Each structure stands twice: as C-alpha cells, then as structure tokens.
Amino acid sequence: MKKRSWLTGLFLIILSSITIIVRIYYVNYLMSEVNINEDVYNAAKVSIGASGLTSAFAEGFQMQSLYICTLYLAFLIFGNFTVAGVYLNIVYQFITVFLVFIAIKNVTNRYVGFAGSLILAIFPVYVNTLSKVTMQNMLICIAALAGAITILLLRWMYHRKHTANKSISEPIIEDPAVIQKNDSEKNDINTDLIQDTSLREIRYDDLEDNKVQYIENPLPVPKRREHKEMDYAFEPSGSDDYDIKDLTGKDFYDIE
C-alpha cells in the first residue's frame, strides 16, 4: 500500500511539473496574441464597475457569472483582464489534468491514468486555448470534475455491494482460541446449573480429578524380599489349652 501511494505521488509530481513547464513555455515563446471574448469583457467591466460582484448573479446563477467572478479574482492579482484570463486558463487546465488522472486511475489503473493525463497536459490543441479568454477551459474543468465525482461514487457503491455479498457468502471463521474459550465458559455454566439429584454419597476418593496419578520410577530399586511365614511344629487339637503337661521324650527346654 505504501509503495502504491508513493508511486501515485510521484506521478502527480511529474504531471504537475510537465503541465506548468509546457504552459509557461507556450506563454513566453509561442503565444503571439490573446483573444478575449468581447461579451465576457463587457460583462466583467459592468460587474466590477458596479458595487463589487453583487451584480454578477443579479439575474440568477449562470456559468458566465461564475466565470466573471473567477476572472475578477484573477484581475485583482494581475491588474489586467487579458493577463488574468490567460493565467486563469492555466489554473483550469492544471486542475483538469489532475481530475483526468483521478478518473482514469479509478476506472483502469494509475499507469493508464498517468498516460492519459500526460497526453492532455502536452496536447497542442488544448494548450493553444490558453490564448482564448473564454469560458471554454472552465466548462472543460467542470465536466472533468463531474466525471471524476461520478466515477468515484460508482466505484464506492460497487465496492460496498461487493463487500456485502462477500461477507454473506463466506462463512465466518473464528479464532480457535476464542472458540475453545467460549466452549469452556458454556461448560462451566452448564456445570453450575445442573444439580446432582442422586442420593449416593460422593466421597473424596471417588473423584477422579483429585486422585494422585503416580508415574513409574525410572531409578533402579533393590530386589523385593520374599515374605517368610512361620508355622507350628505340630498341629494343636481343638481342645488343647497349649499347656504341655507330659514332658516325657520331649526335650524342648534345657532343664537341669
């Protein structure tokens, strides 16, 4: 995005330089005389001779009245209707070149827009209209402005409709982390709401979550010893009181 903006700015700087250089060269070396429209000149003199520009729109809004207003503003700078009309034409043509670039760029691309506006900037017939102080350049500029605004509106409406259709047709893909978090919250809510209605006593040992899980010992351990059992030398009788009364033939003790 930054690269495209930089390229567009470069194109605009080049167009500005070429447009101004070509017109200054024409005014200084190629323009022999200036033809000012007599009706425009007389209307401008009458409007300025009256109370400022209040009489310019006395009969309602007209293109000629609008042009006379701009011509009067240029006249305040240069002090001459002829010179003011020439430089006013330069301003109108300069704006028109920019509007053509914007219009073509939005229809095709910036390269085609640069080529089309460059042709308009150096087109000899268009440059020669600088010597004619009429409403022609203003009307061309207004037409270019209307065309550029129309193209921008149509493109904005198209992108808006395309974005809306795309959002409807494509499913919404959520982040797995967000989905897992939502599922865990739902499970927590369900666990809190569901109550255990059974009468069985829940013991601590029955809870699997609380049981200790041992891991196998990886270290060597000593061999387990076998348990030895001891038994009696003879089986006692059922009525025996475990007291031996007859010691004949029995040498259990060392009796001296």
Side-chain angles (χ1 to χ4, degrees), residues 8-106 113-153:
T8 302
L10 179 62
F11 284 163
L12 292 176
I13 293 173
I14 295 174
L15 283 174
S16 303
S17 304
I18 294 176
T19 303
I20 294 174
I21 290 172
V22 169
R23 279 146 183 79
I24 291 177
Y25 180 81
Y26 175 79
V27 170
N28 292 332
Y29 299 101
L30 300 179
M31 188 171 63
S32 58
E33 60 180 6
V34 179
N35 299 322
I36 184 171
N37 186 275
E38 186 176 354
D39 295 336
V40 172
Y41 178 73
N42 292 330
K45 286 181 62 178
V46 172
S47 299
I48 295 173
S51 57
L53 294 175
T54 55
S55 61
F57 297 96
E59 298 179 358
F61 180 81
Q62 297 179 359
M63 287 295 177
Q64 184 174 350
S65 301
L66 179 62
Y67 180 74
I68 290 172
C69 288
T70 57
L71 183 62
Y72 174 71
L73 295 176
F75 171 78
L76 295 178
I77 298 174
F78 298 101
N80 186 286
F81 280 113
T82 303
V83 177
V86 172
Y87 284 99
L88 186 61
N89 286 337
I90 293 177
V91 173
Y92 282 133
Q93 291 190 5
F94 183 83
I95 297 174
T96 303
V97 171
F98 271 83
L99 293 175
V100 169
F101 173 77
I102 294 173
I104 299 177
K105 170 182 171 293
N106 284 277
F114 176 75
S117 56
L118 182 62
I119 293 173
L120 185 64
I122 61 178
F123 193 53
V125 177
Y126 189 54
V127 176
N128 291 338
T129 58
L130 294 177
S131 60
K132 299 177 182 179
V133 183
T134 60
M135 295 188 300
Q136 180 180 359
N137 286 281
M138 186 190 74
L139 295 176
I140 295 174
C141 183
I142 293 175
L145 177 62
I149 293 175
T150 304
I151 291 173
L152 290 175
L153 288 176

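These numbers come from a predicted model, not from an experiment. Just so you know, residue 1 is the first one in the sequence shown, and it goes up from there.
Residues Phe94 and Ser16 are in side-chain contact: their nearest non-hydrogen atoms beyond the backbone lie under 4.5 Å apart. Leu139 has its side chain within reach of Met63: a pair of non-hydrogen atoms, C-beta onward, lies under 4.5 Å apart. Side-chain contact check for Ile142 versus Met138: some heavy-atom pair is nearer than 4.5 Å. With a 4.5 Å cut-off on side-chain heavy atoms, Thr96 and Tyr126 count as touching. By the 4.5 Å heavy-atom criterion applied to side chains, Phe101 and Leu12 are counted as neighbours. Looking at Ile122 and Val127, their side chains never come closer than 4.5 Å, going by heavy atoms from C-beta outward.
Nearest approach of Leu130 to Val86, heavy atoms of both residues: O-CG2, 3.7 Å. Cys141 and Leu99 get closest at one heavy-atom pair: O-CD1, 3.7 Å. Minimum interatomic distance between Ser117 and Gly113 (heavy atoms only, all atoms of both residues): OG-O, 2.8 Å. Contact detail for Thr129 and Gln136: the closest heavy-atom pair is CG2-NE2, 4.0 Å.
Separating the CG atom in Leu88 from the OG1 atom in Thr70 is a distance of 4.5 Å, to the nearest 0.5 Å. To the nearest 0.5 Å, atoms NZ (Lys132) and CG (Asn137) are separated by 10.0 Å. Put simply, NZ on Lys105 and CD1 on Ile151 are 11.5 Å apart, with the number rounded to the nearest 0.5 Å. Rounded to the nearest 0.5 Å, atoms CD1 (Ile90) and CD1 (Ile95) are 12.5 Å apart. The CZ atom of Phe123 sits 9.5 Å away from the CG atom of Asn128 when rounded to the nearest 0.5 Å. We find the CD1-CD1 distance between Ile20 and Ile18 to be 11.0 Å, quoted to the nearest 0.5 Å.
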TODO: Dump the intermediate steps for side chain to side chain contact (heavy atoms under 4.5 Å, CB included) on Phe114 and Ile14, then the final yes or no.
DONE: CA-CA 9 Å; Phe114 176 75; Ile14 295 174; 3.8 Å; yes
- [ ] List the steps and the verdict of side chain to side chain contact (heavy atoms under 4.5 Å, CB included) for Asn37 and Met135.
- [x] CA-CA 9 Å; Asn37 186 275; Met135 295 188 300; over 6 Å; no
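Using a distance-only test at 3.5 Å, with no hydrogens or angles considered, no donor-acceptor pair links the side chain of Asn89 to the main chain of Ser131.
Residue pairs meeting the ring-ring contact (aromatic ring centres under 6.0 Å, His included) criterion with at least one member in residues 17-41, sequence neighbours excluded: Tyr25-Tyr29, Tyr41-Phe81.
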